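These notes are about the structure you will find just below.
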Amino acid sequence: MAYDHKAIEAKWQERWESEGIFHTHVDPSRPKFYNVAMYPYPSGELHIGHVRNYTYIDLITRYKMMQGYNVLSPMGWDSFGLPAENLAIETGIHPRISVENQIARMKEHFRKLGAAFDWSRELASHDPAFYRWDQWLFLELFDRGLAYKATAPVNWCPRDQTVLANEQVVDGACERCGTLVEKRNLAQWFFKITEYADRLLDDLDGLDDWPDRVRTMQRNWIGRSEGARFGIEVEGMDESFEVFTTRPDTIFGMTFCVLAPEHPLVGKLIAGGENEGVARDYITRAARESEIERMAEGDKTGVFTGRFAVNPVNGQPVPIYIADYVLMGYGTGAIMAVPGQDQRDWDFATKYGLDIVRTVQPPADWDGQAYLGDGGTINSGFLNGLDQLAAKERIIAWFEEQSIGDRAIQYRLRDWLISRQRYWGCPIPMIDCPECGLVPVPRDDLPVELPDVEDFAPQGQSPLATVEEWVITTCPECGGEARRETDTMDTFVDSSWYFFRYTDPNNSEAIFDPDKADYWMPVDQYIGGVEHAILHLLYARFVTKFLHDIGLSTVDEPFMRMFTQGMLVKDGAKMSKSKGNVVPPDRYYEGYGADALRLFELFVGPPTDDAVWNDSGVPGTKRFLDRVWKMGTASHGFSERAPNHADAELIAATHRTVKKVTEDIDRFHFNTIVSSLMALANEFQTYLSGEPRAEAFDEAYKTMILMLAPAAPHISHELWELRNYQGMLAREPWPTWNEDLVTEATVTMVVQVNGKVRDRVEVASDISPEDAEELALSLEKVQGWIDGASVSKVIARPPNLINFVVG
RNA sequence: GCCCGGGUGGCGGAAUGCAGACGCGAGGGGCUUAAACCCCCUUGAGCCGAAUCGGCUCGUGUGGGUUCGAAUCCCACCCCGGGCACCA
């Protein structure tokens, strides 16, 4: 008999809500557990990919509650951003309206899923009560010189007269009209995250409960490299340029230099030269391409400027090229090229017939490519014979003696550009006064609220610029007429601190109460998609360190334990609206129920991996729940016999499952907890088909319901109540296991000969290596495989395995 | 191009010294007037024998290596996915 999932799920959702069991308060008497799923963009539809994420967070919330923690699991909305704005441009519907409708829809989905969130702490980034603190944070950064204005290029569509996001540029053209996109320089706001580069890098070492791959990605993203910076003179001109290199020891091998096409010196270098026309074309083309496109070209391209640079160590003139594989945004936008020791330079030199001089002795058979290893310096004047490290020290000292350069550290990390020429975001709280310059909006005037506009489409500037009565204001310093900043902030600003706000979401006096934050922070468990492994996590870490530095937070890392989950894939592609392969969860609530859906979401695969959605999976987990239901509600005709081995075995199997499930939850192997519970249910079936005793069954079954509770809460709660156990299941303690019961008296030992399994034998689990060897040798099959040959080695790993090496 | 992951039956996956747990699908059988539901059995490939039982060989993307022993560790290659700073 299938159970009535619709009635049961509605009943318990109502009960949890009316009893407010997930409402949380500061309670220093209990250990806290702060559990956060990355807050979603309210796209309207929750799809089964989201459901996977929230099933994980919900499982942990309920599990930790059962373990006695004071668990905070809040939910909110990343509700500013491009999709709502695009919809507004298309339909004229105000983003606030569409976003709030979508939030309501998604909340309904969460309710139907049985999600255990503390809704009293709900927040949304488009709410002025929230984003005024974005503005406050901006001003704090500004006051300390960590927010500044500088010019940076944007994608510009000359036909639509708008700034485009990278996502809106397809193959170098505007996604809407197909016009070739140009780069245009605008004055924009930055956060000086590079000031924190070293701390962001060093503190990764302490994040032991983060996935290694995420830490590695962050390390590489920050990209600290040590080397030297020095100046190079242009021959026959009173000009020079700086280069940064990690390999100053190879300077004698510099046979050309390369400048980025945007390098400020390029114009002067090519002026009047034979290559001027070609160079100008090249620069125009490079400007159209994105950095990724420039780096992605397998074949390096470049143009000779017609000028030569002077190698400072030997006075040799070397040609200066411009090439798009050198980026203006990294280092000094210019490099010394050493083809002998750098593969990209090697490729370039080979293509353009430039000299290659090796300054590090490669191994004897080395040929046809750059040599990056160590091997003793050659062809390098006063550096000859030194190893790489010594040569570096020597040449840097020489730069300093000559006053042409010095030791330098270079980061790949760039400052965080937060300006967006968009409507649907948080206004930047600055005023531009003709008399006083850039003036911050006074804290008391916050929030600077987003005004309503007629037309949402960006027109060169933010749509805010068209709202004259909003833009024109008075200068807080001199009282004269001034203009507001019309750019809005990157939505990553909102998401870089919202987890602090959850700890004190309704505070109208401060961003949050430091005491409340002190109780809850850091987040004990943070869960989200691996696509956020770099940017969002880095920004959140940066802002947390900043809040720490200004005395608001006692912690300087936000997330103790990080978990990045894989995506759900359907029909060979990532689930997304544009691919049209989104599976909404609704269909499952009706036919199978939230519990069956949740269980399959857990079961579908390892949480860290991408998983493939299979439509017949949910019916499978529903079948399992039906079996559990039937076992717990049918009358079994229990036997009055004395306890025997079968009863003991059922109890032991249950204890083994408690151990396995507990350990698997702790290490995030959610897919195998479902397997283990299914296997246990199969044991129950076997037991019930014999002569079951009520006592053994009740004890084991009660434990199974407890284990099922975090994964499939509705059915578990109903069974708990039906079987007359007292209290709400969600508040029951998580079961423990008895180690003596878990350890089995005998185990199967594998017997190998030369590493191949030849027999198995049942042995006592505490068998000695000697006894194991003797027993194994006595086996007929093993004798047959050894076949009189001499056993040269015995590898004994009792009680699991023994291996005889023969011949 | 650069950085980070991943490749195991028909499918999702399990397994850190026994490859294929658990489930899906498929095939066979039972229940049923019939179907659905439910229950039972079989299910990596190839092979051997005196054949429903016993046994052998191969097999975890490809090729090599380390080891008594490799899905697991190392090297090279192929393929797929994520990120690359204005999607979130």
Side-chain angles (χ1 to χ4, degrees), chain A residues 1-2 38 40-41 43 78 80-83 86 152 154-155 163-169 188 211-214 216-221 223 290-300 325 329 344 412-422 490-492 495 528-536 538-539 564 566-567 569 572-574 576 600 603-606 608-617 619-621 623-624 626-627 630 669 671-672 674-679 682 685 748-757 760 781 792-795 797 800-806:
Chain A
M1 228 350 246
M38 288 179 187
Y41 179 81
S43 57
D78 186 14
F80 272 139
L82 211 48
N86 285 341
V154 293
N155 301 308
V163 174
L164 298 176
N166 285 344
E167 196 194 40
Q168 298 171 304
V169 180
Q188 306 188 74
D212 285 336
R213 65 165 158 166
V214 173
T216 307
M217 281 191 269
Q218 293 227 345
R219 256 182 218 115
N220 294 340
W221 185 261
S290 71
E291 282 186 14
I292 296 172
E293 287 163 337
R294 282 168 57 164
M295 307 296 280
E297 279 171 18
D299 206 17
K300 308 264 173 290
Y325 75 98
R344 284 182 309 177
R412 212 187 69 94
L413 180 69
R414 310 205 284 252
D415 276 340
W416 176 11
L417 195 170
I418 61 140
S419 281
R420 299 290 182 270
Q421 296 71 39
R422 295 275 161 193
D490 180 5
T491 56
F492 274 129
S495 57
V530 67
E531 66 275 17
H532 293 293
I534 296 177
L535 290 179
H536 162 60
L538 197 65
Y539 296 148
T564 50
M567 292 179 310
V569 172
K574 170 183 176 174
S576 74
F600 184 64
F603 190 51
V604 69
T608 47
D609 293 3
D610 290 350
V612 181
W613 191 256
N614 172 354
D615 284 326
S616 55
T621 47
R623 262 199 290 276
F624 162 69
D626 281 335
R627 282 214 307 278
K630 199 159 43 175
H669 285 207
N671 50 332
T672 52
V674 181
S675 309
S676 302
L677 290 171
M678 285 173 167
N682 293 343
Q685 301 276 54
T748 305
M749 183 173 74
V750 166
V751 185
Q752 298 182 334
V753 178
N754 286 337
K756 287 193 188 297
V757 181
R760 294 177 173 84
K781 279 187 203 162
S792 58
K793 197 171 176 183
V794 179
I795 288 109
R797 299 279 180 277
N800 298 313
L801 177 136
I802 189 161
N803 182 18
F804 297 104
V805 184
V806 176

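Numbers restart at 1 for each chain; the letters A, B, ... are given by sequence-line order, proteins then strands. All of these numbers come straight from a predicted model, not from anything done at the bench.
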**OP:** For B/G59, decide between syn and anti, treating a glycosidic angle within 90° of 0 as syn.
**Re:** anti
**OP:** Please measure how far the P atom in B/G12 lies from the corresponding atom in B/G17, and state the result in whole Å.
**Re:** 26 Å
Subject >> Set of residues satisfying side chain to side chain contact (heavy atoms under 4.5 Å, CB included) with respect to A/Lys756, sequence neighbours excluded >> reply: A/Arg758
Considering only nitrogen or oxygen atoms on both sides, find all protein atoms under 3.5 Å from nucleotides 41-50 of chain B and state each distance.
none

**OP:** Just label B/U43 as syn or anti from its O4'-C1'-N9-C4 or O4'-C1'-N1-C2 angle, using within 90° of 0 for syn.
**Re:** anti
Subject >> Closest approach of A/Asn803 to A/Gly755 (non-hydrogen atoms, all atoms of both residues) >> reply: OD1-N, 3.0 Å
**OP:** Would you kindly give the CZ-to-P distance between A/Phe80 and B/C86, to the nearest whole Å?
**Re:** 18 Å
Subject >> Working for side-chain contact (heavy atoms from CB on, under 4.5 Å), residues A/Val794 and A/Ile802 >> reply: CA-CA 7 Å; A/Val794 179; A/Ile802 189 161; 4.0 Å; yes
**OP:** Give the rounded distance in Å between these two atoms: NE2 of A/His536 and C1' of B/A88.
**Re:** 10 Å
Original post:
For A/Ile534, what residues pass the side chain to side chain contact (heavy atoms under 4.5 Å, CB included) criterion, not counting sequence neighbours?
Top reply: A/Met217, A/Trp221
Subject >> Stems where RNA chain B pairs, listed by first number, each of three or more Watson-Crick or G-U pairs under 3.5 Å >> reply: B:1-7 with B:78-84, B:10-12 with B:22-24, B:25-30 with B:38-43, B:44-48 with B:54-58, B:61-65 with B:73-77
Original post:
Between B/A88 atom P and A/Arg420 atom CZ, what is the distance in whole Å?
Top reply: 8 Å
Short heteroatom pairs, N/O only, protein and nucleotides 67-78 of chain B, under 3.5 Å:
| from | atom 1 | to | atom 2 | distance (Å) |
| --- | --- | --- | --- | --- |
| B/C68 | O2 | A/Asn803 | ND2 | 2.4 |

Original post:
How would you label the contact of A/Leu677 with the nucleic acid (heavy atoms, under 4.0 Å): base, sugar-phosphate, or nothing?
Top reply: nothing
Subject >> A/Arg414 vs A/Asp78, nearer the 5' end of RNA chain B by closest nucleotide >> reply: A/Arg414
**OP:** Quickly work out the A/Trp221 CH2 to B/G83 C1' distance and round it to whole Å.
**Re:** 7 Å
Original post:
Between B/A85 atom P and A/Leu413 atom CG, what is the distance in whole Å?
Top reply: 13 Å
Original post:
Is A/Arg623 near enough to B/A36 that one of its side-chain N or O atoms lies under 4.0 angstrom from OP1 or OP2?
Top reply: no
Original post:
Contact class for A/Gly617 (heavy atom, under 4.0 Å): base, sugar-phosphate, or nothing?
Top reply: nothing
Where do N or O atoms of nucleotides 29-32 of chain B meet protein N or O atoms at under 3.5 Å, pair by pair?
none

**OP:** Would you please name every residue forming a side chain to side chain contact (heavy atoms under 4.5 Å, CB included) with A/Thr672, sequence neighbours left out?
**Re:** A/Lys660, A/Asp664, A/His669
**OP:** Have a look at A/Phe492 and say if it touches a base, only the backbone sugar-phosphate, or nothing, with a 4.0 Å heavy-atom cut-off.
**Re:** base
Original post:
When all nucleic acid strands are considered with a 4.0 Å heavy-atom cut-off, which category describes A/Val154: base, sugar-phosphate, or nothing?
Top reply: base
**OP:** Write down the distance separating the C1' atoms in B/U42 and B/G5, rounded off to the nearest Å.
**Re:** 38 Å
Subject >> Whole-Å distance separating the CZ atom of A/Arg627 from the C1' atom of B/G23 >> reply: 10 Å
**OP:** With heavy atoms under 4.0 Å as the rule, sort A/Leu801 into base, sugar-phosphate or nothing.
**Re:** base
Subject >> Minimum heavy-atom distance between A/Phe600 and A/Asn614, given as atom pair plus value >> reply: CE2-O, 3.9 Å
Subject >> For A/Ser792, side chain to side chain donor-acceptor pair (under 3.5 Å) partners two or more places apart >> reply: none
**OP:** Determine the Euclidean distance between corresponding P atoms of B/A19 and B/G61; express it in Å to zero decimal places.
**Re:** 16 Å
Original post:
Can you tell me if A/Asn671 uses its side chain to pair, donor with acceptor, with the backbone of A/Val604 under 3.5 Å?
Top reply: no
**OP:** Search all heavy atoms of A/Asn155 against all heavy atoms of A/Asn166 and return the closest pair with its distance.
**Re:** ND2-OD1, 2.9 Å
Subject >> Nearest-Å distance once atom C1' is located in both B/G46 and B/U32 >> reply: 41 Å
**OP:** Can you tell me, in whole Å, how much space there is between the P of B/C4 and that of B/C75?
**Re:** 12 Å
**OP:** Mark up nucleotides 53-60 of chain B, 5' to 3', with B wherever a protein heavy atom is under 4.0 angstrom from a base atom, S wherever such an atom reaches only the sugar-phosphate, and - elsewhere.
**Re:** --SSSS--
**OP:** Quickly, which of A/Phe80, A/Tyr539, A/Trp416 forms a ring-ring contact (aromatic ring centres under 6.0 Å, His included) with A/Phe492? Name it, please.
**Re:** A/Tyr539
Original post:
Does OP1 or OP2 of B/C18 have a side-chain N or O of A/Arg760 closer than 4.0 Å?
Top reply: no
**OP:** Could you check how far CZ of A/Arg422 sits from C1' of B/A88, rounded to whole Å?
**Re:** 14 Å
Subject >> Partner residues of A/Arg213 under the salt bridge (charged side-chain N to carboxylate O under 4.0 Å, His left out) criterion, sequence neighbours left out >> reply: none
Subject >> Same-atom distance (P) from B/G69 to B/G59, integer angstrom >> reply: 15 Å
**OP:** Report the residues that fulfil ring pair (Phe, Tyr, Trp, His ring centres under 6.0 Å) with A/Phe624, sequence neighbours left out, ordered by chain and then residue number.
**Re:** none
Original post:
Whole-Å distance between B/C87 P and A/Glu167 CD?
Top reply: 6 Å
Original post:
Between A/Asp490 and A/Leu417, which heavy-atom pair has the shortest distance, and what is it?
Top reply: OD2-O, 4.3 Å
**OP:** Kindly indicate whether the side chain of A/Gln421 and the base of B/C86 share any N or O donor-acceptor pair separated by less than 3.5 Å?
**Re:** yes
**OP:** With RNA chain B as reference, determine whether A/Trp416 or A/Ser676 sits nearer its 5' end, using the nearest nucleotide of each.
**Re:** A/Ser676
**OP:** Describe the nucleic acid contact of A/Thr608 in one word from base, sugar-phosphate, nothing, applying a heavy-atom distance below 4.0 Å.
**Re:** nothing
**OP:** Write down the distance separating the C1' atoms in B/A71 and B/A14, rounded off to the nearest Å.
**Re:** 11 Å
Subject >> Under 3.5 Å donor-acceptor, A/Asp609 side chain and A/Gly566 backbone >> reply: no
Original post:
Looking for any heavy atom pair under 4.0 Å, which part of the strands does A/Arg412 touch: base, sugar-phosphate only, or nothing?
Top reply: base
**OP:** Keeping the roles fixed (side chain from A/Gln188, backbone from A/Ile418), state whether a donor-acceptor pair exists under 3.5 Å.
**Re:** no
Original post:
Quantified in whole Å, what is the P atom distance between nucleotide B/C22 and nucleotide B/C40?
Top reply: 13 Å
Original post:
Below 4.5 Å, heavy atoms only, C-beta onward: do A/Val163 and A/Arg420 meet side chain to side chain?
Top reply: no
Dump the pairs, protein N or O against N or O of nucleotides 4-14 of chain B, anything under 3.5 Å, distances to one decimal.
| from | atom 1 | to | atom 2 | distance (Å) |
| --- | --- | --- | --- | --- |
| B/G12 | O2' | A/Val604 | O | 2.5 |
| B/G13 | O3' | A/Asn671 | ND2 | 3.3 |
| B/A14 | OP1 | A/Asn671 | ND2 | 2.6 |

**OP:** Mind checking A/Gln188 for me? I need base, sugar-phosphate or nothing, with any heavy atom below 4.0 Å counting as a touch.
**Re:** base
